[in-house]
There are 2 protein chains.
Amino acid sequence: MAPEALIGKGMEPTFMHHHSHKSPLPRYYQLKEIMREKIISGAWKPGDLIPSERELGEQYGISRMTARQAITELVNEGMFYREQGKGTFVSRHKITQQLIRLTGFTEDISARGQAPATRVLNVTMIPADENVAEHLRIRVGLPVLRLQRLRLADDEPLAVERSHLYFIGCEQLVDDDLEHQSLYRLLEAKYGIQLIQAEQELEAGLTNEEDSKLLHLPIGSPALYTRRTTYTNRDQPIEYARSIYSGSKYTFYTHMMRNQLVL
Amino acid sequence: MAPEALIGKGMEPTFMHHHSHKSPLPRYYQLKEIMREKIISGAWKPGDLIPSERELGEQYGISRMTARQAITELVNEGMFYREQGKGTFVSRHKITQQLIRLTGFTEDISARGQAPATRVLNVTMIPADENVAEHLRIRVGLPVLRLQRLRLADDEPLAVERSHLYFIGCEQLVDDDLEHQSLYRLLEAKYGIQLIQAEQELEAGLTNEEDSKLLHLPIGSPALYTRRTTYTNRDQPIEYARSIYSGSKYTFYTHMMRNQLVL
DNA sequence: CAGTGGTCTAGACCACTGC
DNA sequence: CAGTGGTCTAGACCACTGT
């Protein structure tokens, strides 16, 4: 390996020298993006040995600990795994290849070659009932946004989602376009809210009359029931959603790590 | 805060001074355990501000970066969250309070005040078929362990699990007691295999004749179908399991983080 | 302003893998 | 043996929060 820093020649996010200028992005973060790109582009393939921490540090003109931080975060995201004394390797999981970013209903459906769509059935402000208030950790009666959506693939209904959201300014969502935009992106871009974690419960059941109509199914068809609470990076529960997925048409995918393993 | 090191007086895992003796456990790891204990014991409650990184370092006679590593790992596990300029806080999630360690079928059921049990229906070595070989990343026809288990709560059948395992020495599992021992613990303790990640698919469906009999349900009852591949810390798929959970009796719980969010 | 987490450095020794 | 990741240090400057 040549000891030159290969960085800054024509790339948009550039490593800054020391702390001279205002840093645009942290160095470890830039390296993360570079390594992600290596995988997406196929330069690094599943099972490949990546350069050592010391090598990467030298190559990009950063310290070993900074390079290590970039690698560590990607290990935590399941992209890489390490072997003591041998090196760091690219994982062979689905999660590595496919998405990395955010997989959503929309992308799931697109990936299967179908056309995803969302129809807003209902969006209003209502006072929080006891159940919703408990999940959102607010007082009963506070105004929350209620959003009911129908999810479709190739014009065929797949799921009904009933969400309740609460945050300062949530009432503005009533006027937003929620049919052609991801709620996630909207929250992040317009409201500056980052969603980081979610707790979700799933169980199997049968459709009731209302949902059967919406999903174009016979009453009592098999369905996946989910209840999800989504949290911001500040540990604030921001959304509580209950969904019904048409059993025969939707597969729910999970990636579990470390302490979440259920055996 | 007094600048004394509060460590080493009567505790089992003790911080070592510098690198003089052979370290028993990494310092950041010991601090992790201490902080976990603070939460389990209730000394630190959900929402509490924990001591700063600098304080913890001073208190336990370690550098700030080492204390920070301990905190960072617990943040990644969902125990803490950080706020720039304010401090680090204890999360309010279920995951924080309940388990931390490993939640399993056994503990789930116990937590509900029921008596969990496992009945081994079948355990043999068979050649891997195409589907199993693909999921375990081995050649078709290699001998794998097939394990069929019935899971019960208060003597009532809850789920049927059909697993295939492959690793060097897996044939010894035939002689192990799989009814009164967690498979996870057995793999770790006896075979030195650490399970770190899993991919799982879930969908809703209806029970067939065989499963209905095993689960004491009418044919065509709602059920949760899962397919799981479990990976070791070396990125080796070691188990491929298909399960059927009785829909009315079992709720599947997931905690999703960062890049796994589906919205 | 002092205190917090966020980033970063330039070293160091260790345990482990491979040759 | 040289190379890898695993751990650790004692500093440093930054951006951000509170008062």
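Residue numbers start from 1 in every chain, and the chains themselves are labelled A, B, ... in the order their sequence lines are given, proteins ahead of strands.
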When you measure from the side chain of B:Q84, which nucleotide among D:dG11, D:dT7, C:dG5 comes out closest?
-> C:dG5

Distance test, side-chain N/O of B:K86 to OP1/OP2 of D:dG18, below 4.0 Å | yes

Return no unless some side-chain N or O of A:S63 is found under 4.0 Å from OP1 or OP2 of C:dG11.
-> no

Tell me whether the OP1 or OP2 atom of D:dT4 has a side-chain N or O from A:S52 closer than 4.0 Å.
-> yes

Please work out which of the three classes, parallel, tilted or perpendicular, describes the rings of A:F167 and A:Y191, given edges at 30° and 60°.
-> perpendicular

Which sits closer to the 5' end of DNA chain D, B:E73 or A:R234, going by the nucleotide each is nearest to?
-> B:E73

With respect to the side chain of A:R64, which nucleotide from C:dA12, D:dC8, C:dT7 is positioned closest?
-> C:dA12

Can you tell me how far P of C:dA10 sits from OH of A:Y60, to the nearest Å?
-> 19 Å

Is there a donor and acceptor pair closer than 3.5 Å between the side chain of A:R54 and the base of D:dG5?
-> yes

Within the side chain of B:Q30, is there an N or O that forms a donor-acceptor pair under 3.5 Å with the backbone of B:L25?
-> yes

Between A:R82 and D:dG6, does any side-chain N or O lie under 4.0 Å from OP1 or OP2?
-> yes

Taking atom types as modelled, is there a side-chain donor on B:T226 or B:Q200 under 3.5 Å from an acceptor on the other?
-> no

CG of B:L25 versus P of D:dG6: gap in Å, rounded?
-> 16 Å

B:T72 side chain to B:R82 side chain, donor-acceptor N/O pair below 3.5 angstrom = yes

How large an angle, rounded to 10°, do the end axes of the helix from C:dG3-D:dC16 to C:dC16-D:dG3 enclose when each is built from five base pairs?
-> 10°

Using atom CZ of B:F80 as one end and atom P of C:dG6 as the other, report the distance to the nearest whole Å.
-> 13 Å

Who are the salt bridge (charged side-chain N to carboxylate O under 4.0 Å, His left out) partners of A:R146, not counting sequence neighbours?
-> none

Between NE2 of A:H135 and CZ of A:R228, what distance do you get to the nearest 0.5 Å?
-> 12.5 Å

Distance in angstrom units between A:E53 CD and C:dG11 C1', rounded | 15 Å

Starting at CD of A:Q69 and ending at P of D:dT7, how long is that distance when rounded to a whole Å?
-> 15 Å

Are OP1 or OP2 of D:dG6 and a side-chain N or O of A:R68 less than 4.0 angstrom apart?
-> yes

Winner on side-chain proximity to B:Y28, out of C:dA15, C:dG6, D:dC8, is D:dC8

Atom CG of B:L56 to atom C1' of C:dG3: distance rounded to whole Å?
-> 14 Å

Just how far is it from atom CD1 of B:I238 to atom OG1 of B:T230, taken to the nearest 0.5 Å?
-> 8.5 Å

Are B:T66 and D:dT7 close enough that a side-chain N or O sits under 4.0 Å from OP1 or OP2?
-> no

Distance-only donor-acceptor test, A:R27 side-chain atoms vs C:dG6 base atoms, 3.5 Å | no

Taking CE from A:M65 and C1' from D:dC13, how many angstroms apart are they, rounded to a whole number?
-> 17 Å

Whole-Å distance separating the OH atom of B:Y29 from the P atom of D:dG5 = 23 Å

By salt bridge (charged side-chain N to carboxylate O under 4.0 Å, His left out) - contacts of A:K86 (at least two apart) | A:E83

Any A:T88 side-chain N or O less than 4.0 Å from OP1/OP2 of D:dG5 = yes

